[in-house]
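To find a chain, count down the sequence lines: A is the first, B the second, and so on, and within it residues start at 1.
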There are 2 protein chains.
Amino acid sequence: MSETLADRTALTEQETHLNESSGTPDPSAAPGSRRPGGRTAKVRRAVLDATQEALATGGFPTLNMDQIAAAAGVGKTTVYRRWGSPVGLVTDLLHDMAEQSRPAADTGSLAGDLRANAVLVRETLTDPRMGAVFRAVIAAAACDEECARALSGFYRTRLTEWAPVAERALARGELPAGTDPVELLRAVSAPLYYRFSVTHEELGAADAERAVTAALAAAAAGAYTA
Amino acid sequence: MSETLADRTALTEQETHLNESSGTPDPSAAPGSRRPGGRTAKVRRAVLDATQEALATGGFPTLNMDQIAAAAGVGKTTVYRRWGSPVGLVTDLLHDMAEQSRPAADTGSLAGDLRANAVLVRETLTDPRMGAVFRAVIAAAACDEECARALSGFYRTRLTEWAPVAERALARGELPAGTDPVELLRAVSAPLYYRFSVTHEELGAADAERAVTAALAAAAAGAYTA
C-alpha cells in the first residue's frame, strides 16, 4: 500500500463532513488545523474507542468496519473513507496509544524509574481490557505487515519517551559511559512481554521486580554499552 | 472443550484406518502401541508437515482442514476426526515441535551453552520458514486459549530441556547457589522474542550475543536466585 493513513485522512476530510449530519461547517475539518476538541477529533475518539473495545472483546479477526461505525455512532462511509480497513483502524489506534502513553517517571534514581516502568508494563498487560488489546495488536502484527510497522512505531515512541530515564542516570554517573538508553529500557520490558505473549506464563509483581534487578545488573556490567 | 486431543486420537484411531485405503491392518493403530515408523505415524507426519507449510505461507487464519488433507494426501474424514479443528492441528504440531527441538548444548562452559541456545533461537526466528511458523503460532495463541496452552507447553518443554545447562554450571560453581535454571534460560530468550514478536525490530547476531552477556551478568549478580 503506497497510500498512507495520513493521505487517506487528508483526502477524505471534506467528504467525511458531507457524510455526517453536521450543522455548520467545522473549521477543524481543514487538514492541518484540526483542534483537539473539534468535530474531527470527536469522530476519531469515538471510532478509536470503539476499535479498542472491539479488539478487547473479539480480537483482530472479528474487527468489522460496519460494527465500528455503529458502535461509534459515526456514518459507515466516514469510517471506510477515513480508515480504509481494519488494519487502518489498528494503525491509527496504535498512533493514538503512543500519543497517550504515560510519560517517563522521574523518581530521582535509575532503579526507581525502571521500577516505575516495569510496574506500568505489568499493570497494562495484566489489566483485563488493555491486556486483551495488546494481545490483539500483537496478533494482528504477526499477520499483517502494516500492523507490524504500526506496532513497531508504537514501541519506538514509547522506548524513546522513556530513554531520558537512562540519560539522566548517565549524567548522574549511575551507568557505565556509553550505555544505550533504549537497550536498557528494552531489557526491562522484554522478560515481561515474553511471559505475556510468548510463553503465556503468569506475570506477577516478582517478575517485574526481577526484570529491573536483572537489567540494572547487566547494565552495571556494561552489557548495554554500544 | 472438555475432549482433549489425546481423547480424540484414541477414540478415532480405528476409524482413521477405516477411512484410509489401507491394506493389512497396522498393529501401530492400537492406542499406546504406535511405532514411529507405523502408518499412523506416517499419516501424522504428513498432516503436521502440511500444517507447518500452511502456517508458514498463510498463517493461522487461513488454516483449512480440507486443504491440509489434500496437501497431506490423507482422507478429509481422518483429518477432521483425528485433529478436530485448525486449533487441534496447531496443538499437535506444537507437541511435535517440542519433541523434535534441538537437545541442550554441552560445550563445557555456561557462556558457551547459553551462546549455543541464543544462536539457535535467533537462527530459528530469522529462518524464513520457521520464523513464519513461530509468528503464526504466537498469533494463534493470542486468539485462542487452547493454542495458548499448547504454546506454553512447548516452551515449558524447551526450557526444561535446556535447564541442565544451568544445573551443570551450578555444579561447576559458575553460578550463585540457588539460581533458578529456567529463569536464566528465559532471560536469554526473552530479548530475542521481544524484538521478533513485539517490537518487530531486526534480530542480529549482536542481539543474541547481548542477550547472553546480559543474562550472565544478571545471573552472577544473583538476579535469578529463587
## Note on the structure
So, the part of R195(A) with a heavy atom under 4.5 Å from chain B: the answer is side chain
### Task
Over 60° means perpendicular and under 30° means parallel, so classify the ring planes of Y194(A) and Y193(B), tilted if in between.
tilted
### Query
Just wondering, do P61(A) and P61(B) contact through their side chains at under 4.5 Å, heavy atoms?
no
### Query
When heavy-atom pairs shorter than 4.5 Å are enumerated against chain A, which of A136(B), A214(B), A221(B) gives the highest number?
A214(B)
### Nearest-0.5 Å distance, CG of residue D180(B) to CZ of residue R210(A)
7.0 Å
#### Entry: Which atoms of E183(A) approach chain B - backbone, side chain, both or neither, heavy atom under 4.5 Å
side chain
### Query
Taking everything shown except E202(B) itself, do over 12 heavy atoms lie less than 6.0 Å from its CD?
no
### Flag side-chain contact, heavy atom, 4.5 Å: E145(A) against H200(B)
no
### Task
Check whether any side-chain N or O of T213(B) sits under 3.5 Å from a backbone N or O of A223(A) as a donor-acceptor pair, and report yes or no.
no
### Query
Of all of A132(B), A190(B), A211(B), S197(B), which one pairs up most often with chain A through heavy atoms under 4.5 Å apart?
A190(B)
### Message
If I measure from the heavy atoms of chain B, does L192(A) come under 4.5 Å with its side chain, its backbone, both, or neither?
### Response
neither
### Query
When only pairs under 4.5 Å are counted, which of L151(B), V212(B), L216(B) shares the most heavy-atom pairs with chain A?
L151(B)
### Query
If you count heavy-atom pairs under 4.5 Å between each of G59(A), A139(A), A217(A), P191(A) and chain B, which one has the most?
A139(A)
### Message
For R102(B), is the CZ atom crowded, meaning more than 12 foreign heavy atoms sit under 6.0 Å from it?
### Response
no
### Task
Measure the shortest side-chain to side-chain distance between R156(B) and E201(A) over non-hydrogen atoms and say whether it is less than 4.5 angstrom.
no
### Task
Without swapping roles, check the side chain of S152(A) against the backbone of T199(B) for a donor-acceptor pair under 3.5 Å.
yes
### Query
With only heavy atoms counted, which part of A187(A) is less than 4.5 Å from chain B, the side chain, the backbone, both or neither?
neither
